[in-house]
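Before any comments, here is the structure.
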Amino acid sequence: MGYTLNHLLDIESTPVAALEDILDTAQSLIDDSADHRDRLRGRLQVNLFYEPSTRTRVSFEVAARRLGMDVVNVAAVGSSVAKGESLIDTYRTLEAMQPDVIVLRHPDNGVHATLASTGACLVNAGDGSRAHPSQALLDVLTLRQHQPDLARLRVLVAGDLHHSRVTRSGVALMKKLGVGEIRLAAPPGLEADAKVTEGTRTYDRLDEALDGVDVIMMLRVQRERLSGIDVPDSESYHRAWGLTPARLAMAAPNAIVMHPGPMNRGVEIASAVADGPQSVITRQVNNGVFVRMAVLLRLLEAR
Ligand code: CP
């Protein structure tokens, strides 16, 4: 394989060869209809989620089961976290039960690097506003299915970039793999930081940013993370920043529409677009299962 992969913490710390291998493996899992349940049979995955999740948690579980693994789900509510146990104590307690992999989502930036050990493989299922590497991988797999030559793509990411771990990991991966043009558009106060915008084109109006793009990735406003930022009400936001059929017509004729979910219909995206023929939002979800299978295979198959 030519690389070592003990954990998946973020895109930046993962070798390009590993990222490409995960994408290629995911696509070959999609293309064949074989039964893969013998590949990781009897291995154990623990899902430890301190924040709500539908797509990431369930697709990691589906991925593990399709590889024959056993899965234990631990939600912070209902565990000893509610009695004041720290993250490190909770993590080491679970690790002492010798799972092969722990999939962790946590609201604080950077916690995964402090936990990763020589014990279980650790997969970052989202930390604060910092990183969501498996989401970035499934998004880029979706881009590759639309245009295998990433250098030919113009991709727009629009919405609340400031609080978005999807943006940070997604833009990092698109840069690493050579996407032709990355455009970032955000309302005032919700712009990405300089590390993310470096090497991209930035916009403060959606209409200008949409001109001729091949891919539009819409993001919701993360109202649970706003502090002191004045964001317009949903109706006003939709008027200025919502992806409507009229706005979609400004993009390239065969442009695809993506959204990592959860969506706020009628806010950042109109239902007519989310459910329309150019939307690949459900394909992203489906790709998520195969990307997570590929992550598990690359972490565990050689161990
Ligand atoms: N895209 C994403 O992370 O969705 P969930 O919060 O439902 O996992």
Side-chain angles (χ1 to χ4, degrees), residues 8-14 19 22-23 26 49-60 103-110 112 123-144 146 150 153 155-177 179 182-187 190-193 195-197 200 202 206 209 213 215-226 241 243 256-264 267-269 274 279-289 291-292 295:
L8 181 65
L9 303 184
D10 50 38
I11 295 299
E12 291 82 348
S13 66
T14 306
L19 298 166
I22 290 167
L23 291 169
F49 277 62
Y50 285 74
E51 282 188 335
S53 170
T54 299
R55 282 147 285 268
T56 312
R57 197 202 62 72
V58 175
S59 63
F60 265 112
V103 179
L104 171 65
R105 173 173 286 190
H106 197 276
D108 295 343
N109 289 5
H112 293 74
V123 175
N124 185 355
D127 62 317
S129 57
R130 199 188 73 88
H132 195 348
S134 63
Q135 179 72 44
L137 284 157
L138 76 88
D139 286 341
V140 169
L141 181 66
T142 310
L143 297 186
R144 288 199 339 179
H146 181 59
L150 295 177
L153 281 181
V155 178
L156 167 64
V157 187
D160 178 359
L161 307 179
H162 186 70
H163 299 100
S164 175
R165 55 195 176 207
V166 173
T167 301
R168 274 186 190 77
S169 287
V171 170
L173 185 56
M174 287 192 279
K175 286 178 186 171
K176 263 186 152 173
L177 299 187
V179 165
I182 303 168
R183 299 185 189 181
L184 301 176
L190 299 180
E191 299 93 343
D193 55 42
K195 186 169 172 240
V196 178
T197 59
T200 72
T202 57
L206 182 57
V213 291
V215 179
I216 308 158
M217 198 180 299
M218 296 305 295
L219 301 172
R220 75 185 172 94
V221 176
Q222 300 200 17
R223 293 193 183 272
E224 72 276 24
R225 296 190 210 277
L226 296 178
W241 285 92
L243 186 62
I256 55 169
V257 176
M258 299 171 61
H259 194 305
M263 279 187 284
N264 293 136
V267 185
E268 75 274 9
I269 191 165
S279 170
V280 294
I281 294 168
T282 52
R283 192 194 305 163
Q284 284 175 267
V285 176
N286 188 254
N287 282 339
V289 172
V291 158
R292 286 157 182 144
V295 168

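Partners of Asp139 by salt bridge (charged side-chain N to carboxylate O under 4.0 Å, His left out), not counting sequence neighbours: none found.
Shortest non-hydrogen contact noted between Arg105 and Phe49 is CB-CD2, 3.6 Å. Between Asn109 and Gly128, the closest heavy-atom pair is OD1-CA, 3.2 Å. Closest approach of Ala274 and Ser279 over heavy atoms only: O-OG, 2.8 Å. In this structure, Gly159 and Pro187 approach most closely via the heavy-atom pair O-CD, 3.5 Å. Taking both residues in full, the closest heavy atoms of Val196 and Lys175 are given as O-NZ, 2.9 Å, listed atom of the first, atom of the second, then distance. The nearest pair of heavy atoms linking Asn264 to Val221 is OD1-O, 4.5 Å.
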Inset, instruction - Decide yes or no on side-chain contact (heavy atoms from CB on, under 4.5 Å) for Leu156 and Ile182, but give the supporting numbers first. - result: CA-CA 6 Å; Leu156 167 64; Ile182 303 168; over 6 Å; no
Inset, instruction - Report the C-alpha distance between Leu161 and Leu190 in whole Å, list the side-chain angles of each, state the deciding distance to 0.1 Å, and finish with yes or no for side-chain contact (heavy atoms from CB on, under 4.5 Å). - result: CA-CA 6 Å; Leu161 307 179; Leu190 299 180; over 6 Å; no
Legend entry - Verdict with supporting geometry, Leu184 and Val171, side-chain contact (heavy atoms from CB on, under 4.5 Å): CA-CA 9 Å; Leu184 301 176; Val171 170; 3.9 Å; yes
Inset, instruction - Evaluate the criterion side-chain contact (heavy atoms from CB on, under 4.5 Å) for residue pair Ile11 and Lys176; output intermediate values, then yes/no. - result: CA-CA 9 Å; Ile11 295 299; Lys176 263 186 152 173; 4.0 Å; yes
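The closest donor-acceptor contact from the side chain of Arg168 to the backbone of His162 lies under 3.5 Å. Between the side chain of Ser169 and the backbone N or O of His132 there is at least one donor-acceptor pair closer than 3.5 Å.
The line from CG of Leu177 to CZ of Arg144 is 8.0 Å long, rounded to the nearest 0.5 Å. The distance from atom CZ of Arg165 to atom OG1 of Thr167, rounded to the nearest 0.5 Å, is 11.5 Å. Between Arg55 atom CZ and Ile281 atom CD1 the span is 10.0 Å, to the nearest 0.5 Å. Atom CG of Asn287 sits about 4.5 Å away from atom CG of Leu141, to the nearest 0.5 Å. Here the OG-CG distance, from Ser134 to Leu8, works out to 7.0 Å after rounding to the nearest 0.5 Å. Distance CD/Glu191 to OG1/Thr197: 9.5 Å, rounded to 0.5 Å.
Side-chain atoms of Arg183 and Thr200 form no donor-acceptor pair, as typed in the model, at a separation below 3.5 Å. Checked by atom type, the side-chain pair Gln284/His259 shows no donor-acceptor distance below 3.5 Å. Side-chain contact annotation: Asn124 with His112, donor-acceptor N/O pair under 3.5 Å present.
Val215 places a side-chain heavy atom less than 4.5 Å from the side chain of Leu143. Using a 4.5 Å heavy-atom threshold, the side chains of Ile269 and Val257 count as touching. Under the 4.5 Å side-chain criterion, counting only non-hydrogen atoms from C-beta, Tyr50 is not in contact with Asp108. Side-chain contact between Glu12 and Lys195: present, with at least one pair of heavy atoms (C-beta onward) separated by less than 4.5 Å. Leu219 places a side-chain heavy atom less than 4.5 Å from the side chain of Pro260. Side chains of Asp160 and Glu268 form no contact here, defined as non-hydrogen atoms less than 4.5 Å apart.
A side-chain contact (heavy atoms from CB on, under 4.5 Å) with Val291 holds for exactly one of Asn286, Thr142, Val140, Leu138; it is Leu138.
Geometrically, Arg292 engages Phe60 in a cation-pi contact, judged by NZ or CZ lying under 6.0 Å from the ring centre and within 45° of the ring axis.
Arg130 and Asp10 are joined by a salt bridge, as a carboxylate oxygen and a charged side-chain nitrogen come within less than 4.0 angstrom of each other.
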